[in-house]
Every structure is written in structure tokens, then in C-alpha cells.
Amino acid sequence: MRTIFLLVAGMATASVAAAQAPQSPATLSLMPVPAALTVTTARLSVDSSFRIGIVHHRDGRLERGLARMTARLSARLGAPIPPTFGTERTATLVVDVAGQGDAIPDLNEDESYRLTVGDTQAVLQANTVVGALRGMETFLQLQATDGRGTFIQGVDIRDVPRFRWRGLLLDVSRHFEPVDVIKRTLDGMAIVKLNVFHWHLSDDQGFRVESRVFPRLQQFGSDSQFYTQDQIRDVVAYAADRGIRVMPEFDMPGHSSAWFVGYPDLASGPGPFAIARTWGTFPPTMDPTRESTYKFLDAFIGEISALFPDQYWHIGGDEVEPVQWHQSPAIQSWMKAHSIQDEVALQTAFNKRLFAIVQKHHRIPVGWDEIFQPDLPTAAVIQSWRSSDALAKSAKAGFRGILSAPYYIDHQKPASDFYLPDPIPAGTTLTPDEQARVLGGEACMWSEYVTPETIDSRIWPRLAVIAERFWSPASVNDVSDMYRRLDPLSRELDGIGIDEIDHGRRMVRRFGGDSTALFEALLDFVRPPDFGGSGPNQMVPHTRLIDAAVADPHRSWDMMGRARRAAKGDTVAVAQLRADFSEMMSLQGRLAAAHAQFPAATDAAPVAAALFDLGQLGTTALDILARRAAPTSTWRASSDSLVTRLARQRSFGPLRPTSADAVRILINATADLPSSSGSP
């Protein structure tokens, strides 16, 4: 294979300043930020004469990737660009790939690329097809339009990911997600350069895979909502076409009630068993003392591993409820006979047997951090969900690991909360060898409160900022610039069919009637609670106001930016904020008037009162800034305390205000004003 280039850490670090703050003639909105970026004055025009030439390696996956890129570029241009690819080195875009790379996406895949864009031609170079796919996404993000037409901004980019493992876990057990949802999620992952789809396929609430060896698994454990083997092969191929690995997870020995509905002999206690309809942990647990358990798992893994060619197999292993183990005389007797001291040691004994089966079928076991014990084989990969410290501890013990603890996006927190936590934080005590064992991380979307209708708005666009944390240099960490770039990225996702921008407005049109505009206005200023939804069980449809709200509404991003500019004296931003605060204060009365006709208004009334208070406080802060005279320290302290209480208070029903951050920026800005003895 020809080696086109290799990026070294020093070069990436030296160039990150340019990457974070691109110079004129354009302010770029790339996400994730490349490892090394130089912006030039060149602009490559894009019109119907745009042509692509492939030199050196060519295969079906590369051509399909270029066809997808061409289709998206044509849609933006509003004119056809032929999806045919010649061999001309004089083409508008020359794609120079050294070789295929791994036929099956692999942990060690070379994803690096170089992209140069001049006035007359762009050149994309990569060692592998996957590297070229990553470069295509960057090329599309460089597209812009001005009075002279559509163009690609001139750049010289040398890019390589910081971490090899950059994933999304999607739980389809608590709420099933159809194949079309999975595919558009994979499309979004490809845009932000994620490379692992962790498919959580079994839990207490559902078993979601067709087994032909053990058909009662899906017949009795799925409510007829499962993926056929053909559908799984289709999804795996679809992901591979985008350079994404698919790792299955079948949780065991706990979180396994759905297994036992069809095969009760696997369980540690007597039945009958049923699919769990509520959330939490449950007593049904696999029996680790019977040989029949391991015979069953050997046959099952042998069958299903043929559907998933990825090297890694996730065995779960979290939150094992040992009640049945304690209550079983047979299990207690077995533990005594084998000198097993407690349930932790019993689970470790189970894991050792299970790991041997997984490895027999040529897979590497992955498990949640509960499986980490000193005598566990270090071949296992530890996924740390309880703390970042757990990841460091396992790395010091010789285990490879991935971090998920800070990246639970089912918690409806703003993007900024997920952006700064790092798999290898500044000041880490890990040695270079130990740091090398940190493979990367995964965001987790557990589906207690997620349905096919709401899932896009729960995953996106916040997943993009986590993807940047896994790809870009650690020094790319400016939150305000992240939000600036997240907005165009959100529109990019919308362009491929991910429905996160209009999801809330579409939902409220269903129940809002004549007050639809009112509820739409409310959604600009509220979010769901950190963790929760509109119902406690699997049967709830999740179609209330809380389900229409999103964790980080775009208007909250705008208000924070306006607040920063207003604090510096920007009169336009001040006027915009006054309008924001006025609208916030108007909601309380408008919702009260709608209450009698629309029950959804009941959910909104408590948070509307908080928005009124925040609007008043923000308006007062703007007045103080306009007077250019500092308020009393007492006012600042009491105002800051009020904002904190309004931002955190749990008595607002199912919704929380999002404008507190903008108000706090204004309050903090008043501290820099000249001192005055006047009142606030």
C-alpha cells in the first residue's frame, strides 16, 4: 500500500489554534474540528460542471460514498452533478486512495486523510476508503454560498482521529426502533465521524433478534418487535459502507428477564416469567452454576456471531440483582463447594466461562465496569459507565477501556455538559502506556423515554459535540464556538432526514389546536428534566408536551450568544434580548388563558412562572448595563441565587427553563461596571 501521509501528535497540536479560530475569508463551521487546518483565500466554485476523478484504488464502497456526497451537493446547488466518476487528474475533485483498507471495519482502521482545496481543484488523499469517507464529510461541511455562487472554501487539512473507538450505544430493548431509524442514525454518525454502533439488543423489556436455533427468544420475549436475521445483515452492511462497526450487546447474567419468558430453565429462580414493562433492575438472573446455561450460550453466540462480523461482542454484566442467587439452595451449595465467597465472585466465575465461549467464536469480550475484577482475563475491554475513575483504574490494571460515564445523552442536559468531559482528562495520572489502553468512548442513548417519533431529537444534535470530543485534539474546547458550529451542523443533519429541528413543533400541532403557536413559543425556552419522560412504563405513548421539548433548544444557544454580546455593549443584541425576555414574561398569562381548553397547558404553567421571573431579572440586568453603574453586591448575590434556584428547582412539573444561563451572563457582567451607590 502506498503511504500518502501520517499525522503526528505534534503537528496536530501545533495547528489547533488555526483550527479553532479560522482566519478571513471565512469563519468555518467544521464539526468535528480537524487535527490540523490552514485556511487559504482560495474558493473552488461548484456548479453543474463539477466532476470527480478517482485515481489509484477504486471499489464499490468508495463509489457509493462519492455518490451520496454528490447527491447532497447537488441538492444544495439546486442543479444536477453527474454521479459518474472518471479517472481524470484534471477533475474538480480528485480522490486519491491508496487501497481498500479493512474489508470489515476494524478498531485499527486508518481513518486519516488530507484535503486540499484550491481555486481550480480539490484533492482528497487517504490511505484507505474509510479515510476518504471521513474526508468527504469535511468537504461537504466546507461548502458555502454567497453573492457569487456556491463554492468550497480553500483549505489545507491533515486530519486523524484522536481516539480509535468513537461510538453510540442505542438501546432498542425498552423501546424498539425500526430499521429506518437505525439507518438514519448511522447516516448522522457518519457525518460526525463516529465509527462504532453499539446495538443494545436484549434487556428485561425485550429480546430483539431473531434466533433460528432458539426461536422462543423472539417469539415470547419481543412483543413481535425484533430484527430478522436478514435485517441485521442489511444494517451491518449499511454501517460498513459508512465505515462504522456494529457491536451487538446481549446483557447477562442480569437484565435478562426477556430471555426467560421463552427459556425459563436459564433462570436462577422459578417462573413464571414475563417481559418487564417498567424501568429499573429486576431479580430474574441467569443461573451461572448449570452446565446447561453455558451450552445454551455457546450455541446462541455461535449462531448470532455469524450475523455480526465485528471482532467485539458485548456481554453486558451490569447491575446484577443477586436475589435469586441468595434464595437458591442449589446455587448456594454450588458456591460453597467451589469456594465462591460472594455474588461478585460468582459473577466473575460466570464471566470467565462466558469469555471462553466468546473467544471460542473468535470475538473479544466487552463488558460494563462491574465485570472488572483483578482476576478477570485482561483480554476483556471494560466500558466504564459509573465513573471516569473506573476507566483509569482498569487501565492501570492492564485492561483496555472505553468511557461512557459522562456521555449519557438520555439525560436531557445541554450540549455544553457533554462537551468538556474527556476520556483522558488534563492532569491525568495515567502513564503513556496506560493512556494507550483508553480506546475512546461511547455516548449512550437508553430508551426508557425514547420512541421512534422522538429519538432524533434526543440523540441530535448533542451527539455531535461528543463526537468532536472523541475525534478532535483535546485543546479544542471553546463552548461558545462549539455552539456556533453546532447550528449549521444541525441543519446538515436535517438535510439527510434527521428530524430534530422541527420535531417539537410537529408534535404540538397534534394537540395544540388554536394554541399551537403558543406551545411552539414555549418550546423555545424549556427543556425536559435531566432524566425522565411522560410515563413510567413501556405502554405510555410519549406524546405529551414533555416529549415535544428538547434538551437544548436552539433559541437558548442564541440567547447565550446575545447575552455575551450585550454585555459588551452590542445594541442589536440588547434589543433582541429585550424581545426574548418580553416573550418569556408573556407566556404565563397566555398559558393561563389556554388552560381551560388545552390540558397540555397544565404541564406548562409552573415553568411559565419561572420564565416570568427570569425575564424580569434579565430585563433588570439589561437596564443596569444600560446605566453603566454597578448594582449593589446584595442585588448581585440575591439575583444569582434566584437564577440558580430557578435553573435547578424540581417543582416546575415536567419542564425546566433554559434561559437561566443567558440571564446569569448578564448578572455577571454587571460586576464589571463602575461602582455606584445607586439601587439596582
Side-chain angles (χ1 to χ4, degrees), residues 201-204 207 209-221 248-273 281-308 312-368 370-380:
L201 289 162
S202 75
D203 215 297
D204 294 298
F207 190 96
V209 168
E210 176 194 17
S211 171
R212 296 173 183 171
V213 176
F214 302 108
R216 293 169 67 90
L217 286 170
Q218 71 269 11
Q219 288 171 3
F220 292 90
E249 178 185 353
F250 296 93
D251 212 340
M252 57 183 86
H255 282 292
S256 49
S257 299
W259 295 69
F260 308 145
V261 185
Y263 295 93
D265 288 346
L266 288 171
S268 298
F273 298 100
T281 57
F282 301 90
T285 308
M286 288 185 180
D287 188 338
T289 67
R290 291 194 203 132
E291 286 302 312
S292 57
T293 299
Y294 301 104
K295 182 178 180 180
F296 183 102
L297 293 175
D298 186 10
F300 173 78
I301 293 171
E303 176 194 16
I304 303 302
S305 62
L307 304 175
F308 294 97
Y312 294 83
W313 180 283
H314 205 297
I315 58 93
D318 61 314
E319 296 184 319
V320 176
E321 180 61 62
V323 171
Q324 288 188 344
W325 291 351
H326 291 158
Q327 293 176 345
S328 168
I331 290 176
Q332 291 299 310
S333 176
W334 188 92
M335 291 174 63
K336 185 176 181 179
H338 291 80
S339 300
I340 303 293
Q341 299 300 315
D342 55 27
E343 64 273 8
V344 174
L346 181 59
Q347 185 179 352
T348 300
F350 171 81
N351 287 337
K352 288 179 178 179
R353 292 288 305 273
L354 179 59
F355 284 9
I357 293 171
V358 170
Q359 291 170 319
K360 170 187 172 183
H361 294 288
H362 311 291
R363 299 293 182 268
I364 299 169
V366 184
W368 299 106
E370 286 96 330
I371 74 169
F372 168 54
Q373 296 297 323
D375 58 342
L376 193 72
T378 56

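In what follows, residues are counted from 1 in the order of the sequence shown.
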Original post:
What are the two closest non-hydrogen atoms of Y294 and P288, and how far apart are they?
Top reply: OH-O, 2.6 Å

**OP:** Could you tell me whether W313 and F250 have their ring centroids closer than 6.0 angstrom?
**Re:** yes

Original post:
Is the shortest heavy-atom distance from the side chain of E370 to the side chain of V320 under 4.5 Å?
Top reply: no

**OP:** Please assess T293 against R353 for the test side chain to side chain contact (heavy atoms under 4.5 Å, CB included), listing each intermediate value before the final yes or no.
**Re:** CA-CA 10 Å; T293 299; R353 292 288 305 273; over 6 Å; no

**OP:** Check whether any side-chain heavy atom of V209 lies under 4.5 Å from a side-chain heavy atom of L217, and answer yes or no.
**Re:** no

**OP:** Decide yes or no for D251 and E319: does some side-chain heavy atom of the first lie under 4.5 Å from some side-chain heavy atom of the second?
**Re:** no

Subject >> Donor-acceptor contact present, side-chain T285 to main-chain V323, <3.5 Å >> reply: no

**OP:** Side-chain contact test, heavy atoms from C-beta onward, threshold under 4.5 Å: evaluate it for S268 versus P283 and give yes or no.
**Re:** no

**OP:** For residues T348 and D375, report the shortest heavy-atom separation together with the two atoms involved.
**Re:** CG2-OD1, 3.6 Å

Original post:
Do the ring planes of F300 and F207 sit parallel (below 30°), tilted (30 to 60°) or perpendicular (above 60°)?
Top reply: perpendicular

Original post:
Are any of the side-chain heavy atoms of S256 and F282 separated by less than 4.5 Å?
Top reply: no

**OP:** Go through the steps to decide whether T289 and W325 satisfy the test side chain to side chain contact (heavy atoms under 4.5 Å, CB included), and finish with yes or no.
**Re:** CA-CA 10 Å; T289 67; W325 291 351; over 6 Å; no

Subject >> Where I340 and L346 come nearest, the two heavy atoms and their spacing >> reply: CG2-N, 3.5 Å

Subject >> Student check: side-chain heavy atoms of R290 and W334 closer than 4.5 Å >> reply: no

Original post:
To the nearest 0.5 Å, what is the distance between CZ (R212) and CD1 (I304)?
Top reply: 9.0 Å

Subject >> Heavy-atom closest pair, residues P248 and L201 >> reply: CB-CD1, 4.0 Å

**OP:** Could you check R216, E303, Q218, Q219 and say which one makes a side-chain hydrogen bond (donor to acceptor under 3.5 Å, both in side chains) with S211?
**Re:** E303

**OP:** Determine the minimum heavy-atom distance between G316 and H314, stating which atoms define it.
**Re:** N-ND1, 3.0 Å

Subject >> Straight-line distance of R363 CZ to S305 OG, nearest 0.5 Å >> reply: 5.0 Å

Subject >> CG on D342 to CE on M335, rounded to 0.5 Å >> reply: 6.5 Å

**OP:** Evaluate the side chain to side chain contact (heavy atoms under 4.5 Å, CB included) criterion for residues H361 and D298: first the C-alpha distance (whole Å), next the side-chain angles of each, then the deciding distance (0.1 Å), finally the verdict.
**Re:** CA-CA 9 Å; H361 294 288; D298 186 10; 2.6 Å; yes

Subject >> Nearest-0.5 Å distance that lies between atom CZ in F273 and atom CG in D204 >> reply: 11.5 Å

**OP:** Grab the two heavy atoms, one from Q359 and one from A379, that are nearest each other, plus how far apart they are.
**Re:** NE2-CB, 3.5 Å

Original post:
Can you tell me how far the CE atom of M286 sits from the CD atom of Q347, to the nearest 0.5 Å?
Top reply: 12.0 Å

**OP:** Test side chain to side chain contact (heavy atoms under 4.5 Å, CB included) on F350 and L297 and set out the steps.
**Re:** CA-CA 11 Å; F350 171 81; L297 293 175; 4.1 Å; yes

Original post:
How many angstroms lie between CD in E210 and CG in L307, if you round to the nearest 0.5 Å?
Top reply: 8.5 Å

